[in-house]
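The block underneath contains the structure these notes are about, expressed in structure tokens.
Side-chain atoms are counted along with the backbone in the values below, which use heavy atoms only and exclude waters and symmetry mates.
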Amino acid sequence: MCEAIIQMQNSYRNEGIRIGEKRGKTEGIQIGKTEGIEIGRNQELRKIAVKLLNYGQSKEYVANFLEISNAHLESILSEMNK
């Protein structure tokens, strides 16, 4: 009887691990997609910002034009120097 209970517990534990791994993988893929989209967006914003700055626009104007904060603009511009 005890052996049967131990086997059931092990079976449930293994099933829980399998479900957790699948859920973790799914969540990891979603996080990766979200981060990839954000990286791509920042790269495009950076391209536009650099062009506008090269045409003599102020950083305030560029941030306003791109509808981002001044801090975000500084952040994406600093990524250029890395």
- Under the side chain to side chain contact (heavy atoms under 4.5 Å, CB included) test, residues paired with Ile31 that sit two or more places apart: Glu35

- Note on the structure: Here the gap from Ser75 atom OG to Asn70 atom CG, rounded to the nearest 0.5 Å, amounts to 12.5 Å

- Residue pairs meeting salt bridge (charged side-chain N to carboxylate O under 4.0 Å, His left out), one or both in residues 62-71, sequence neighbours left out, come to none

- Query: With sequence neighbours left out, what residues match Ser58 under side chain to side chain contact (heavy atoms under 4.5 Å, CB included)?
  - Reply: Glu60, Tyr61

- Query: Got a sec, which residues hit side chain to side chain donor-acceptor pair (under 3.5 Å) with Gln30, two or more places apart in sequence or on another chain?
  - Reply: Thr34

- Note on the structure: For Ile48 and Leu66 the tightest heavy-atom approach is CG2-CD2, 3.6 Å

- Which of these, Ile76, Leu73, Val62, sits in a side-chain contact (heavy atoms from CB on, under 4.5 Å) with Leu45? Ile76

- Message: Under the rule for side chain to side chain donor-acceptor pair (under 3.5 Å), what residues qualify as partners of Asn42, not counting sequence neighbours?
- Response: His72

- Quick one: pull up CD in Gln43 and CD in Glu38 and give me the separation to the nearest 0.5 Å. 11.0 Å

- Note on the structure: Between Ala49 and Leu77 the two heavy atoms that sit nearest each other are CB-CD2, 4.3 Å

- Query: Taking only residues two or more places apart in sequence or in another chain, which ones pass side chain to side chain contact (heavy atoms under 4.5 Å, CB included) with Glu74?
  - Reply: Lys59

- Message: Applying side chain to side chain donor-acceptor pair (under 3.5 Å), can you list everything that pairs with Glu44, at least two apart in sequence or on another chain?
- Response: Lys47

